[in-house]
**Student:** 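Take a look at this one; I'll ask things after.
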Amino acid sequence: MPDNIFSLPKTYEFKDTESRVYQDWESRGYFKPSNDPSYPDHDPSKKPYVISIPPPNVTGELHLGHAMFVSMEDLMIRYHRMRGIPTLWVPGSDHAGIATQLQVEKHLLRTEEVTREEIGREKFLELTWAWKEKYGDIITNQIRRLGASCDWERQRFTLDNGLSNAVREAFVRLYEKGLIYRGPRLINWSPGLKTAVSDLEVEYSEEQGKLYFFKYLISGSDDYLPVATTRPETILGDTAVAVHPDDERYKAFIGKKALVPILGREIPVIADEYVDMSFGTGSLKITPGHDPNDYAIGEKHNLPIISILDKDAKVTEAGGPYAGQDRLEARKNLWKDMYAAGLVIKEEDYLHTVPRSQRGGEIIEPMISTQWFVTIKPLAEVALEAVKDGRITIIPDHFTKVYYNWMENIEDWCISRQLWWGHRIPIWYCPDGHMTTGREDPSACSHCGNTELEQDPDVLDTWFSSGLWPFSTLGWPENTPDLRYFYPTTMMETGYDILFFWVARMIMMGLEFTGQVPFDTVYLHGLIRDEIGRKMSKTTGNVIDPLTVMDEMGTDALRFTLLVGSTPGKDMNLSLDKVRANRNFANKLWNAGRFVISALQNVPADATNGPNYTTADAWIWARQKQLRRSVENLFQNHQYGEAGRQIYDFFWSEFADWYLEIAKLQIAEGGDRAFYTADVLVSVLDTCLRLLHPFTPFITEELWGRLKSAAVAVSTKIGLQDTIGGNWPEALIIAPWPDPLPEEGWESRAVRDFSKLQDIVRAIRNQRAEKNVKPTVRIHAILSTGNEAFEDLRKDAGVIANLAGLDENAFSLVASLEEKPAGHISLVAGGVEIYLPLADLTDPAEEKARLEKSLAEVENQIARLENLLGSAFAEKAPVNIVA
RNA sequence: GGGCGGUUAGCUCAGCUGGUUAGAGCGUUGCGUUGACAUCGCAAAGGUCGUUGGUUCGAGUCCAAUACCGCCCACCA
């Protein structure tokens, strides 16, 4: 058969379709905002819907986390676009300091066997930019494949000129305001990466270690304080031993001097309530240089700080004989020497938490280092308020508490990183140690005028620039038309795992620099795990590659799975079975569409008489209306998954399973019946495609285009009911959204009538199956309807007969029956008595059981009704429920 | 230590402001391919909704307690 307008290919070729459809959308400019502020006809009063993409790592490769947020945000964008709202989705990528630098370093080492130190900063940055140019498009092209309808002409990169300018402005403003300071503090040092990292970049893992007990000798006596530690090497940096002031055992030692093992340094025994008398030995060694708690105690007691580890985590000169040894090596050697010196008491197995780098996995070393910090409390207070007073809504709600908790206990943010790839800190030092900053690079020291300036070698934390993302991408600090119109943005959709890293910082920085919240809603999705709930990781080997999934089953199937399988804030386990099921759904869509389109060639272009609808027509129309109301309600509440599920169910188990089957009969009747049936078919299919478009954009666009062509070829009067606006739009992506229609009185009646019909058909099918009547065999039946329902059911007798496999010639429908026909089994369904001539095939015992079961059901129902009448139910329950 | 989430069919999970008989996918059983679809259809089996108590005419849904699993934050040597 030729591939004409009424004949679709048997299978949906998603690969060809996806790239063709995407290119078409993009080239026609559908991704651009409909009310662009740079155009003369711009209407500033139309409120836009704006999302800034969570910028992926520029050298990254697509994983399911990307697939998740792209699907979700694209759904939101497409929905609003179809509602006629000017939408903007700003794409871009992040330079991702550490991640990218590591990747390039690894590459250099592998290919040219050089380190970054060997080639120098300038050359290294040059190579990294080249790397970015080469690989930077990979991720954005992969995001395109997912169907992302973002405005690519507004694509940004955190290191591009505009955004670098924004970073400079932000830094200078904070500095001038006194909210940025530099100083030696105890920070988290990553010896492998050789940079400081923020508190958030440290993860704690519970590990089996040892607790080492040893003697702290008291100077000038034979007494000692027993002390326990998990890290003996830090003994080298001890500057005090602390006991609880009320501890009777050790009171006498307070104020005396203790001797650091091996080194023999004298350090004071101090009293501090921080010490827990009941834990360990009850006395605590204090290493302010390498432990956050000890640092705090050290500050309080004015203790000196000794750094015993350098940037490679090797022991410094302060470690005497152990200088130059690695931290673990020193631990072993020191302990051995202490053992020899008789200072060891014992070792015990001990489960403790070890700080590890989120990136490299190596042990993080707390140490004293001079770094840049943001005084965060003033920013946090404002950001806290914005959520508390409802200017920002977090979905799901329970993350609001998590946000509060973090904001209320926030610590200053270490923003300097000892890396090269990133925004270099805009501070210059003169030989006298003065610091100069500025929006332009200074030529002389602002304090002494010295022109010998040297810029701080460090760069800013990647999240410093991402924190500006919602407004820097729109042109800030310039007051651009985009910034004026699109800012504040509407929706921040991202994973809950970066609530603190990113979302919280955008809120703080947005409020600080623009005086406005950067977005009004935060929607947090969950993480994607494998099908048994494990985190996906390369080492476990359970990673599902979205690209492979798309290749095998299509983008729509993957999107639908991610969107419908997820609930806000909850992790989802992804299994390929689910994707497969949704690929089957796409197939179902295609075939149903194929049927509707091919059916169109057999219908007249117009009706000769006014509208005349069947029970099935009224039913599917009513259900379609109900669906639209429900979907709208769910969308308003951000329950996209449930909305998708309902559309899926409606399409498959109502439209395809029932209406399509009946439509075949109605079209075969020809004439007006065929015309009106086609009208309903096309209208309902059209509605479904529109509702599904945000979920599965490709197949719906493709099918809709074909449906439109076929419908238009037949008649201008088919398929243009209600909202749809009177004529076919140019493309589905910009077609009007099926708005909810007000409920009308006839709807519930139509649904009830049809479900009666379904009950009857199901009951007969059930008996046929039980009695093993071949599907092709048409059987006789008598339906006794009662007077009331008789006329209604008579209209649908043909439908019942066809769907239930009854012989139309030997099938009788009567209002009442004098006596029960012999040799028939009887059923009751949909308020109708049904007699089927299947008694011969019936085992009496089975039949008895069946009847008893149905009797029990009837009794149950009577009991319920009686209960209803007698109880307070009728009095207290609302009328619509009672009815 | 503080906080949060989960516990529903064999498996993986939905179930919104409490409302008739608790759903889906996969799996299982039986039957079935002359034009929408075997990536399918028809029929079916399968659940004391973790446990206990409470509120209510009515609880998977709300409240309290409890058990188990998971996550986040803090980080007592």
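Chain A is the first sequence line, chain B the second, and so forth, proteins listed ahead of strands; every chain is numbered from 1.
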**Student:** Between the side chains of S755(A) and Q758(A), does any donor sit under 3.5 Å from an acceptor?
**Tutor:** no
**Student:** Could you measure between the two P atoms, the one in G47(B) and the one in C63(B), and give it in whole Å?
**Tutor:** 29 Å
**Student:** Residues two or more places apart in sequence or in another chain: which of them pass salt bridge (charged side-chain N to carboxylate O under 4.0 Å, His left out) with D349(A)?
**Tutor:** K210(A)
**Student:** Tell me, please, which residues at least two apart from R762(A) pass salt bridge (charged side-chain N to carboxylate O under 4.0 Å, His left out).
**Tutor:** none
**Student:** Which parts of nucleotides 31-40 of chain B does protein reach within less than 4.0 Å, heavy atoms only, written one letter per nucleotide 5' to 3' as B for base, S for sugar-phosphate only and - for none?
**Tutor:** -S---BB-BS
**Student:** Side-chain N or O of N766(A) versus OP1/OP2 of A44(B): is the shortest distance under 4.0 Å?
**Tutor:** yes
**Student:** Can you confirm whether L563(A) sits close enough to Y640(A) that some side-chain heavy atom of one is under 4.5 Å from a side-chain heavy atom of the other?
**Tutor:** no
**Student:** Do D294(A) and Y274(A) meet the criterion of a side-chain donor-acceptor pair at a distance under 3.5 Å?
**Tutor:** no
**Student:** For Q626(A), what residues pass the side chain to side chain donor-acceptor pair (under 3.5 Å) criterion, not counting sequence neighbours?
**Tutor:** R623(A)
**Student:** By the salt bridge (Lys or Arg N to Asp or Glu O under 4.0 Å) test, which pairs, at least two apart or in different chains, include something from residues 273-282 of chain A?
**Tutor:** none
**Student:** Report the distance from atom CG of D577(A) to atom P of A24(B), rounded to the nearest whole Å.
**Tutor:** 17 Å
**Student:** Who pairs with K346(A) by salt bridge (charged side-chain N to carboxylate O under 4.0 Å, His left out), at least two apart in sequence or on another chain?
**Tutor:** E348(A)
**Student:** Going by the rule side chain to side chain donor-acceptor pair (under 3.5 Å), which residues pair with E661(A) if we only count those two or more places apart in sequence or in a different chain?
**Tutor:** K664(A)
**Student:** In residues 229-244 of chain A, which residues come under 4.0 Å of RNA chain B by heavy atom?
**Tutor:** T229(A), T230(A)
**Student:** In whole Å, I'd like the distance from the CZ atom of F399(A) to the P atom of C72(B).
**Tutor:** 11 Å
**Student:** For Y496(A) and V227(A), take the nucleotide of RNA chain B holding the closest heavy atom to each; which residue's nucleotide lies nearer the 5' end?
**Tutor:** Y496(A)
**Student:** Parallel, tilted or perpendicular: which fits the ring planes of F655(A) and Y659(A), with parallel below 30° and perpendicular above 60°?
**Tutor:** parallel
**Student:** So, using salt bridge (charged side-chain N to carboxylate O under 4.0 Å, His left out) as the criterion, who are the partners of K774(A) when residues are at least two apart?
**Tutor:** none
**Student:** In dot-bracket form, how is RNA chain B paired, counting a Watson-Crick or G-U wobble pair only if both its distances are under 3.5 Å and using | for bases paired to another strand?
**Tutor:** (((((((..((((.....[...)))).(((((.......))))).....(((((..]....))))))))))))....
**Student:** If only side-chain N and O atoms count, and only distance matters, is there a donor-acceptor pair under 3.5 Å linking Q646(A) with S630(A)?
**Tutor:** yes
**Student:** Using atom P of each nucleotide, how far apart are A22(B) and U33(B) to the nearest Å?
**Tutor:** 35 Å
**Student:** Tell me the ring pair (Phe, Tyr, Trp, His ring centres under 6.0 Å) pairs involving residues 571-591 of chain A, sequence neighbours left out?
**Tutor:** Y12(A)-W590(A), F560(A)-F585(A), F585(A)-Y648(A)
**Student:** What is the separation between atom CZ on R529(A) and atom P on C69(B), rounded to the nearest whole Å?
**Tutor:** 17 Å
**Student:** Treat primed atoms plus P, OP1 and OP2 as sugar-phosphate and everything else as base, then score nucleotides 2-8 of chain B 5' to 3': B for base contact with protein heavy atoms under 4.0 Å, S for sugar-phosphate contact only, - for none.
**Tutor:** -SSS---
**Student:** Tell me which nucleotide among C75(B), C16(B), U12(B) gets nearest to the side chain of N573(A).
**Tutor:** U12(B)
